[in-house]
Amino acid sequence: MWWMRPKTDKNRKSDTENRKESKAIYLGLDIGTSGIKGVIIDDQQRMIATAEAPLSISRPQAGWSEQNPADWLTATQQVFERLHAQHGRALAGVRGIGLSGQMHGAVLLDEKDVPLRPCILWNDVRSAAQCVQLEQVAPFRKITGNILMPGFTAPKLAWVRIHEPDIFARVKSVFLPKDYVRLWLTGARGMDMSDASGTGWLDVAARAWSQELLEAAGLPLTGVPPLLEGSAAAGHLRRALQIRWGMTDDVVVAAGGGDNAATACGLGVLDPGVGFISLGTSGVVFAATDSFAPNTRQAVHAFCHAVPNRWHQMGVILSATDSLTWLAGIAQSTPAELSARVPDDVTAPSSVLFLPYLSGERTPHNDAQVRGGFVGLDRAHSAGDLTQAVMEGVAFALADCLAALTGAGTHLPSVYITGGGAQSPAWCRIIANVMNMTLLCCDDAHRGAAFGAARLGMMAAMNVESTSLCTPPEVKQEITPQADLVGAYQERYAQYQAFYPPLAAYGTTDKT
């Protein structure tokens, strides 16, 4: 194969000269749900190159969501190969790699680190009954500061223990998606604090594994990777991969972070009073804190940050842009085509109401069984009306998250907005009006997680923990609430909240 050819003396000399002439370069890799993204930045944190590779999700039953870990490795290779083909010189100069990743996924490995089954993803809700059972046998909320939810890793393993005992008997370790990819990249085992916070096994305040909670899961302490801060070096890129992609020796790979914590690093959201809204497959309202501040009463996630000595709070909804993707599939259209049907300057709330509980909900309801719905449909309604209703329903769900964070003592006068949905001016304006909050827009915001991962790779390669590298981006636009619409949306929001109880009562009753 071409990557196995030995380098000539001429090439070696050229590599040496390039090292002397070039400045350090860093790469961020985001292991997402719908795809893997890679970005390369220089030592001034300017974007040099990007590449992406898609992923698909398997839904074998209602409420289930899985991916094959081998697909992540294939997509990772595609990203590197595209960067090598189109930006080979930049890739050759990479000194540090950081990873971010979709959280909570259960990658179950045997004694040879081979996956035993498809990964059960963050938006899989099959393990609702196991959450109840586990919280009855161990103090999960007290130790982790979080409600044990079906999306978390611990109940997934408990589900496998009951329903797939032959597989459970062979489990030697449990990884999260990005950590499995890093294991393949480096051969080194590790997990950062922010991602570990979403397993259900971490003492989040102490930033340490809880042996009591691991024992409740039937896992020894050796069943989870060693813990690292996200800015710490977790290993080095394997020599075979360096040769294959034309990279230099001794490339440091950082522990990285969960996707939202990595996004926060990309946006410079590290201190109290600063936050962001992520409008991706799921939706997030994120606030940085300088101490551990849980609020289990309203299903707030209180996690470690990806940098030392910091924590964060999140309100999370399961179907943000995923709601629009679902509607586009029903309408045999695309999300972009549907979005174009909604004017940038909406003049009134839609006469249709949408509740985005397509896969259950986290904040503030912690209800895996509830399902969504349209209310007030009329024959006169168009695809544009339904699309606007979906955008507003997601905005109302994010307002629920903001209220939960406020209940935990967090105040956010303005927030950055990021994620693929943030590219829709109409959606951003609807969110600003519903939440009565100023949104801060910046360039390349939708690549925040990969960019934040590159910053963590930079810290690891430089062997520094300085958060001064995580500066906030330049604000290109501020989207402010419109006084004449805020009141109308507040009335509509109250109607939205009133429909959760009947939907919850109508939800599925199978809790096995």
Side-chain angles (χ1 to χ4, degrees), residues 23-32 36-51 79 83 87 90-91 93-103 178-179 181-182 185-186 190-195 228-237 251-271 274-276 278 284 286 288 303-312 416 418-419 440 442-475:
K23 296 180 180 179
I25 295 172
Y26 306 94
L27 188 149
L29 200 65
D30 177 36
I31 317 302
I36 293 183
K37 305 173 185 178
V39 303
I40 295 178
I41 62 173
D42 65 14
D43 59 350
Q44 299 301 307
Q45 302 190 25
R46 293 171 296 209
M47 197 78 69
I48 296 176
T50 66
V79 167
L83 291 172
H87 305 279
L91 188 63
V94 167
R95 299 293 182 268
I97 298 174
L99 281 80
S100 72
Q102 50 167 301
M103 298 182 70
K178 81 169 192 324
D179 302 308
V181 173
R182 187 172 2 83
L185 289 171
T186 66
M191 187 182 297
D192 82 285
M193 301 291 179
S194 66
D195 227 354
L228 299 164
E229 295 292 350
S231 56
H236 293 79
L237 189 64
V251 179
V252 175
V253 182
D259 49 5
N260 290 298
T263 296
C265 291
L267 292 170
V269 177
L270 303 179
D271 297 313
V274 185
F276 69 83
S278 174
V284 173
F286 182 109
F303 290 168
C304 298
H305 211 311
V307 292
N309 303 315
R310 282 174 171 80
W311 287 258
H312 67 83
Y416 294 101
T418 184
L440 309 177
C442 52
D443 284 347
D444 298 321
H446 63 286
R447 289 199 291 267
F451 181 68
R455 282 179 159 178
L456 292 170
M458 188 179 195
M459 291 185 212
M462 295 173 63
N463 194 26
V464 298
E465 294 183 350
S466 174
T467 55
S468 63
L469 295 174
C470 296
T471 55
E474 180 183 355
V475 175

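Numbers here simply count residues along the sequence, with the first being 1.
The closest side-chain heavy-atom distance from L228 to M191 is not below 4.5 Å. Counting heavy atoms from C-beta outward, C470 and M459 have side chains that approach closer than 4.5 Å. Within the 4.5 Å cutoff, the side chain of R46 has heavy atoms near those of the D42 side chain. Contact check for L29 versus K37: no side-chain heavy atoms found under the 4.5 Å cut-off. Counting heavy atoms from C-beta on, the side chains of I48 and I25 come closer than 4.5 Å. Side-chain contact between D30 and L99: absent, with no pair of heavy atoms (C-beta onward) separated by less than 4.5 Å. L267 places a side-chain heavy atom less than 4.5 Å from the side chain of C442. No side-chain heavy atom of F303 sits under 4.5 Å from any side-chain heavy atom of M193.
Using modelled atom types, one side-chain atom of R310 and one backbone atom of L270 make a donor-acceptor pair closer than 3.5 Å. Side-chain atoms of S194 come within 3.5 Å of backbone atoms of G258 as a donor-acceptor pair (strictly under, hydrogens ignored). Within the 3.5 Å criterion, the main-chain N or O of V253 finds no donor-acceptor partner in the side chain of R182. Between the side chain of E229 and the backbone N or O of A255 there is no donor-acceptor pair closer than 3.5 Å. Remark: the backbone N or O of G28 is not paired with any side-chain donor or acceptor of R455 at under 3.5 angstrom. Panel note: side chain R95, backbone Y26; no donor-acceptor pair is recorded below 3.5 Å.
At a threshold of 4.0 Å, the pair D192-K178 counts as salt-bridged, since one of the basic side-chain nitrogens sits closer than that to a carboxylate oxygen.
Nearest heavy atoms, C265 versus V307: SG-CG1, 4.1 Å. When all heavy atoms of N260 and S278 are compared, the closest pair comes out as OD1-CB, 4.1 Å. Shortest non-hydrogen contact noted between S100 and A262 is CB-CB, 3.3 Å. H312 and A261 make their closest contact through NE2-CB, 4.3 Å (heavy atoms, listed as atom of the first residue, atom of the second, distance). Between G257 and L456, the shortest heavy-atom contact is N-CD1, 4.0 Å. The shortest heavy-atom contact between F451 and M47 is CD1-CE, 4.2 Å.
One distance of note links OG1 of T50 with CD1 of I41; it measures 13.0 Å at 0.5 Å rounding. Atom-to-atom distance recorded for H87:NE2 and L27:CG is 11.5 Å, nearest 0.5 angstrom. Note that the CG atom of L237 and the CG atom of L185 stand 6.0 Å from one another [nearest 0.5 Å]. The CG atom of L440 sits 12.0 Å away from atom OG1 of T418, with the distance rounded to the nearest 0.5 Å. Rounded to the nearest 0.5 Å, atoms CE (M103) and CG (D195) are 5.0 Å apart.
Every residue two or more places apart in sequence or in another chain was checked for a side chain to side chain contact (heavy atoms under 4.5 Å, CB included) with N463, and none qualifies.
In summary, the aromatic rings of F286 and H305 are positioned with their centroids under 6.0 Å apart.
Atom CG of D43 sits in a crowded spot, with more than 12 heavy atoms from other residues, nucleotides or ligands closer than 6.0 Å.
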Item checked: From CA spacing to verdict: side-chain contact (heavy atoms from CB on, under 4.5 Å), L469, Q45 -> CA-CA 9 Å; L469 295 174; Q45 302 190 25; 3.9 Å; yes
